[in-house]
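Letters A, B, ... mirror the listed sequences (proteins, then strands); counts begin at 1. All heavy atoms count here, side chains included; hydrogens, waters and symmetry mates do not.
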There are 2 protein chains.
Amino acid sequence: MANNETQLDRIFAALADPTRRAIVMRLCDGEASVGELANPFDMALPSFMKHIHVLELSGLVQSEKAGRVRTCRLRPEAMVGAEDWLQHQRAIWEARLDRFEAYVMKLKKEKGEAKPVAPRRKKKGPA
Amino acid sequence: MANNETQLDRIFAALADPTRRAIVMRLCDGEASVGELANPFDMALPSFMKHIHVLELSGLVQSEKAGRVRTCRLRPEAMVGAEDWLQHQRAIWEARLDRFEAYVMKLKKEKGEAKPVAPRRKKKGPA
DNA sequence: TTCATTGTTAGCCATAAAGCTAACTATAGA
DNA sequence: TCTATAGTTAGCTTTATGGCTAACAATGAA
């Protein structure tokens, strides 16, 4: 998957726009037509459609047309890529921090005093 | 913070670029100078500096200059914003999914069998 | 058949993003 | 002091993004 990275690019880029995040949030409540989605936004339809298209390219949204109505729905699996990337980085960071803390502890024990390091982020397991 | 949304924009936008994600990954291993960071990339320094700047604006990276060396380090707290947004959306999605499943279960129980066509649009209660 | 609804296509514009070179500043070291 | 190192600033190009209008399907309803 040489394009895997590219896909991450697209997902993060898609989420970098507030209009598109709002669309994603709306779609969390269930599928909707383009018109329903566009309604709350003060934006010409063609402009709005571009956002839908960006979301589809990123894989975050899927749509299909029945009659003259195009219905969109979320593909939350696509978000997992981004989520995983972030969690992975945090894991690496925290591992490093642990090593560093251990090192400081060792110094403490050896020398008798040392300043605590950086604030840890509480782990919020998906459980 | 009216700019909270804007900050999310910046974080996702910052992470939408593979060079910048690579920088973040590198910084997970510990702080580094601009030169060290730039080394692996086949890119003119001024171009590279722009990426650093984008990362700083997003809050993901912090840097300070000592002598002629600018040292960069990660501010992983900044990533939390993005992580939380994603997890929140997934939570909402999953809650909805649960409701839908419960609804299907109810139908199943009541009717003996049912093939509900599409997930419902938001309406009060699973009527 | 006619008409309103719902998207879609095409094309335009302004701004931002991502890259470059060239020239400059500021320090560290010889 | 002179020179090499490490960034920085300025200014340019190309391409992408996000918005618009106008005109065109295509479908469902009257």
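Atom CZ of A:Phe48 is separated from atom P of D:dT17 by 18 Å (rounded to the nearest Å). Distance A:His53 NE2 to D:dA16 C1': 14 Å, rounded to the nearest Å. The nearest whole Å value for the distance from the CG atom in B:Asp17 to the C1' atom in D:dA16 is 13 Å. Look at CE on A:Met43: it is 15 Å from P on D:dT17, rounded to the nearest Å. What separates CZ of B:Phe12 from P of D:dT17 is a distance of 17 Å, to the nearest Å. Nucleotide C:dT8 holds its P atom 13 Å from the CD atom of A:Glu64, rounded to whole Å. Atom pair A:Leu37:CG and C:dT8:P shows a separation of 12 Å (rounding to whole Å applied). As rounded to whole Å, 13 Å separates atom C1' of D:dA16 from atom CG of A:Asp9.
A cation-pi contact links A:Arg96 to A:Trp93, judged by a cut-off of 6.0 Å to the six-membered ring centre and 45° from its axis.
Take the nearest nucleotide of DNA chain C for B:Asp42 and for A:Val34: the residue whose nucleotide is more 5' is A:Val34. When each of A:Leu45 and A:Ala13 is assigned the nucleotide of DNA chain D with its nearest heavy atom, A:Ala13 is the one assigned upstream, toward the 5' end.
Looking at the side chain of B:Lys50, the nearest of the listed nucleotides D:dA22, C:dA18, C:dG7 is C:dA18. When the nucleotides C:dC20, C:dA18, C:dG7 are ranked by their closest atom to the side chain of B:His51, C:dA18 comes out on top. Considering only the side chain of B:Arg70, D:dG7 comes nearest among D:dG7, D:dG19, C:dT8. Closest to the side chain of B:Ala44, out of D:dG18, D:dG7, C:dC20, is C:dC20. When distances are taken from the side chain of B:Pro46 to each of D:dG7, C:dG19, C:dA22, the shortest belongs to C:dA22.
Contact between the side-chain N/O atoms of A:Ser47 and the OP1/OP2 oxygens of D:dC20 is found at a separation under 4.0 Å.
B:Ser33 comes within 4.0 angstrom of sugar-phosphate atoms only, judged by non-hydrogen atoms across all strands, and of no base.
More than 12 heavy-atom neighbours from other residues, nucleotides or ligands sit within 6.0 angstrom of CD on A:Glu77.
Remark: the A:Arg68 side chain and the C:dT6 base include no donor-acceptor N/O pair separated by less than 3.5 Å.
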### Message
Please evaluate residues A:Asp9 and B:Arg21 with respect to the criterion side-chain contact (heavy atoms from CB on, under 4.5 Å), reporting the C-alpha separation (whole Å), side-chain torsions for both, the decisive distance (0.1 Å), and the verdict.
### Response
CA-CA 9 Å; A:Asp9 291 0; B:Arg21 283 201 304 281; 2.7 Å; yes
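With respect to B:Met49, the side-chain contact (heavy atoms from CB on, under 4.5 Å) criterion is satisfied by exactly one of B:Leu37, B:Val34, B:Val54: B:Val34.
When all heavy atoms are compared, the tightest approach of A:Ile23 to A:His51 is CD1-CB, 4.2 Å.
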